[in-house]
There are 2 protein chains.
Amino acid sequence: MNKFIRVDMTTKKVEIQEVPEKYVGLGGRGLTSNFVNDEVKPTCHPLGKNNKIIFAPGMLSGTSAPNSGRISVGSKSPLTGTIKESNAGGTFSQKMAKMGIKALVIEGMPAEDEFYILKITMDGVTIEEAPKEILGGCGNYKAIELLNNKYGEKVGIALAGPAGEHRLPTANISFKDPDSNMRSAGRGGLGAVLGSKKVKALVIDDTGAPGVPIAEPEKFREASKVFAKALLDHPVSGQALAAYGTDVLVNILNEAGGLPAINFTKGRIDWNENIAGETLNATIKERGGEGKVSHGCHAGCVIRCSQWYPDKQGKLITSGFEYETIWGLGADAGIKDLDDIAYIDRAMDDIGIDSIETAVAVATAMEGGLLPWGDGKAVLEAVKEVAIPTPLGRLIGSGTTVVGKACGLFRVPVVKDQGIPAYDPRPIKGIGLTYATTTMGADHTAGYCISGNILKVGGNIDPLKKDGQIEYARAMQIGTAAVDSTGMCLFVYFGIADNPAGYQALIDMINAQYGINLTANDVDELGKSVLKVERAFNKAAGFTNAHDRLPEFFEYEPCPPHNEVWDFTPEEIDEVYNF
Amino acid sequence: MNKFIRVDMTTKKVEIQEVPEKYVGLGGRGLTSNFVNDEVKPTCHPLGKNNKIIFAPGMLSGTSAPNSGRISVGSKSPLTGTIKESNAGGTFSQKMAKMGIKALVIEGMPAEDEFYILKITMDGVTIEEAPKEILGGCGNYKAIELLNNKYGEKVGIALAGPAGEHRLPTANISFKDPDSNMRSAGRGGLGAVLGSKKVKALVIDDTGAPGVPIAEPEKFREASKVFAKALLDHPVSGQALAAYGTDVLVNILNEAGGLPAINFTKGRIDWNENIAGETLNATIKERGGEGKVSHGCHAGCVIRCSQWYPDKQGKLITSGFEYETIWGLGADAGIKDLDDIAYIDRAMDDIGIDSIETAVAVATAMEGGLLPWGDGKAVLEAVKEVAIPTPLGRLIGSGTTVVGKACGLFRVPVVKDQGIPAYDPRPIKGIGLTYATTTMGADHTAGYCISGNILKVGGNIDPLKKDGQIEYARAMQIGTAAVDSTGMCLFVYFGIADNPAGYQALIDMINAQYGINLTANDVDELGKSVLKVERAFNKAAGFTNAHDRLPEFFEYEPCPPHNEVWDFTPEEIDEVYNF
């Protein structure tokens, strides 16, 4: 039996059903978005009792398919007010899948002011009082240690940090990774939804799990091999990401003139070497210590992009030290010291806040005079205040839009109240279309047009020109919605974009697992259907094409060195979702 | 010549045109809303260079018509993102009208970081550097004194306070009144728009003004007399308002069980006598001193509702001490000392922030644990921080929605991000329909259904029942949009609602002034057309029926003592704008 679990936090009742017919065959984002659209009132308050939050492993999660261990979390977002799917690595997804749990839904809201832990085993779900030690400001590192002690090292954990307890709009959900560090479902404030349900953590113990049944094991193994080879054969997913981590992008984007700096006032900096992936990697090697240079965020990852960044004594500062975080603090907020940035990244993980939203909010706060430009020490102190939270902590913890309002700014880089990430839309026009139109609010992972615009993978489209971008942004968003349903890491794109055998192998794995016969066209239709469902929810929540717009200042402030402005017309932008 | 003045703050050019054909015959809200819809890009950032702000006297302003001296200010609101018209008393409107200025528009935005004063005389408009003494935290009381000294006691003044300089979303525009105190265009953050244009103040000197021409003076005088008599004959506008001020409503609403208290958790309090109009009036009389008990906010007012509240030594604390302010701090935030409330009111006037939005934000901050319930001294200190602004001051100064987000609350009493004022929509269902549907965000003055629901003026509709409320809320909003175009104070409604002669006199005054022949039906059509224009703007800005909703918690939290919930369906609510 595939299980569909509902936990009602009002009544504390747990219901374990067979997966409803309409959700059979769905996984990851495809499942979470359909569920949210079916069951969440679009105009509900995201922190009220009528919102729901759903956890779902991807279609391939729990199998031996490489890089298939992502967990999707879906809800109405407290940050954007839109539907939201946010996914992460860690061990949670694979455990759920192996236990035959297709989805876990948390609904309702306790009347009392207590926090709980949901313990998930093969016997069902129990709702336990959260131990006082992990509440009220206890950081995520410590909380995971305490939960490991209590429930055993092998359990999977999903956690709302101090920010989630305070229901702040930047709060993420942290998933324990194979090293007992954290991987975040970062964007959209889903940790605040978990906090509103008074669920401090989900602890999953897969002892006795039957594993994922495979309809055609031989075919699956074969396809899996081809797929792994495709990933390893590509220079990006096979070499660059492991060697330098995602931070390899600093120099690439800087060279392209699309690295947003000093709150999006320019696209190129002269301190790029301070924060570049090459420097990051050299520093890790030089400092040694506990140092794994690269590792995966979940078992079965063959790309291993995650960087393990130690201090001068070789002791871990932070792992999963990503380009977008380093960009936000290093280029957009102008912090020129990689150690400063690493300590801030650690604090953000510990407090449980999205490192992109927080970094963009910090840079906006600097423009607003709330923080001094480029001051890593001041930012670290401010970020730590999110956990208390002080009024300044509450401002930063509420994200970019709130900081912009509180500072009276019009240069506020958000779409649908979510901070614009690490790629300037003026000189990289494809990604601008994704920011503007995705159902998620500004999000590069919803249609990573950097690929064809800058990396020249899966396309070769001049980033400075409008030609071909509308079709490309549409295709990337459709493809991404499908990939997000499989449990695959987005970086598998490098192995399938220009490699038909790699792409076919992905489809073959799904077919072999389920004993079905999907075609590439079916996958395309799946992606379209997910986007349509998400857009229907947003429409009912009050979103219109008028919200599919970039902030106005991009239209009249040129971005050096290319001095491009954002010049798509509303009518052109609206073509992206014409399918 | 009737003048239409444009001041471009980018180029510092002033253009004085004849009134464009399409605006002839319009005034007040009718003019400002048509202008904003015609010329402001609906998706522009309210604090960016593409927003515009327009000042327009009403159709009857500057004449001897009683109570006709209100000034309308229109723009896209930084608080709500909707179109906004906010109006106020003071001396500005009558001076503009007497000078033949039908509208003054400020557009563009300086590149430099300087504040300016616009000086308006019969010779035109000059743009002068603002004296340093009135900037950077100088309160409005002091600023008006300094401007009086510089430009003469008789000038009219419109002023952005410290909050407006900081472009905070609660910033109002303060207009000097006949006593050199202030009257506020309070709602919607229009002071922030003025601040974004770097206009600290407008100073108007009507020396040499020709006055308003009257086409049929005898007819006008006659109608004016009938109109004044109608106002004075009604017990509310003729007696109660002068005797007790608007604060007379505390006991009335408390008795009705519709006085929202402790952040809208109940509709009746037991400390009502501490803050009631009767107590206010007795205190004023007892303390004497400078005390005018009641006075008008502009010349020609016959209602004289404004209260002049002194300290124990008889020295003025605050004037224009209104029910909504006293409700917000006294009932909703639970501050039980009228002197505490008066000092906070003075601080809000001095800083230039909307006393409704601020009070609702304060009560929300109390629910969020940012401020202690009922602590007037703590609130006074917090409100003073808005002028600096500290992080706490920025939070409060950003209004209720931002405070709610930063505190992770779902009980956030706003519609379209504007705080819900002093009448609970659950036991007074008519006003709930106005809050939900008005183009302005929650605003009792957009369709004051308290009149027929509670005061039984112009109708007798059971406030606890849905029957008749849709038609009533529609009619009240249409009528209000028309009245807001005349320059009349809303309280004239008491003189015209049940008095056909009074209503006819209002129309006769307009006809006599312009030499035209409007009928009651024309006035109705005017109101409808204003609402349609406003709604068209909002639609283009991205608002849909999904935004015409009260906060969700009203639907499931009963309001004692009547224990009503908000039970209009979406379809019923949407009927209000079906005309």
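Side-chain atoms are counted along with the backbone in the values below, which use heavy atoms only and exclude waters and symmetry mates. Keep in mind it's a predicted model, so treat the numbers as computed, not measured. Naming convention: chains lettered A, B, ... in sequence-line order (proteins, then strands); numbering from 1 in each chain.
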Worksheet item: For chain B, which residues of residues 541-548 of chain A have at least one non-hydrogen atom nearer than 4.5 Å to it?
Response: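 Residues in range: A:Ala541, A:Gly542, A:Thr544, A:Ala546, A:His547.
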Value rounded to 0.5 Å, distance of [atom1] in [X] from [atom2] in [Y]:
X	Y	atom1	atom2	value
B:Phe410	A:Arg167	CZ	CZ	8.5 Å
A:Lys405	B:Leu395	NZ	CG	13.5 Å
B:Cys44	A:Arg549	SG	CZ	14.0 Å
B:Cys407	A:Leu168	SG	CG	8.5 Å

Worksheet item: Is chain B contacted by the side chain of A:Phe553, its backbone, both, or neither, given a heavy-atom distance below 4.5 Å?
Response: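 Nothing of A:Phe553, per the 4.5 Å heavy-atom cut-off to chain B.
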Fill in: Note: A:Lys49-B:Glu552 ion pair, threshold 4.0 Å (strictly below)
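Looking at B:Glu552 together with A:Lys49, the answer is no, because their closest N to O distance does not fall below 4.0 Å.
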Discussion item. Applying side-chain contact (heavy atoms from CB on, under 4.5 Å) to B:Val403 and A:Arg394, what does each step give before you reach the verdict?
Written reply: CA-CA 9 Å; B:Val403 169; A:Arg394 288 187 190 274; over 6 Å; no
Practice prompt. Just give me the residue among B:Thr401, B:Leu409, B:Asn51 that pairs up with chain A most often, heavy atom to heavy atom, under 4.5 Å.
Written response: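 Option with the top pair count is B:Leu409.
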Practice prompt. With a 4.5 Å cut-off on heavy-atom pairs, point out which of A:Gly195, A:Pro570, A:Ser398 contacts chain B the most.
Written response: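 Sorted descending by pairs with chain B, the first entry is A:Ser398.
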Fill in: Residues of residues 380-392 of chain B contacting chain A, heavy-atom criterion under 4.5 Å, by residue number
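If one takes a 4.5 Å heavy-atom cut-off, the residues of residues 380-392 of chain B near chain A are B:Pro391, B:Leu392.
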Fill in: Any side-chain heavy-atom pair of B:Tyr556 and A:Asn50 under 4.5 Å
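The answer is yes; the side chains approach within 4.5 Å.
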Discussion item. At a 4.5 Å cut-off on heavy atoms, which part of B:Pro78 comes close to chain A: side chain, backbone, both, or neither?
Written reply: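 The backbone, not the side chain.
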Worksheet item: chain A heavy atoms under 4.5 Å from B:Leu79: which part of the residue, side chain, backbone, both or neither?
Response: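 Only the backbone of B:Leu79 comes within 4.5 Å of chain A.
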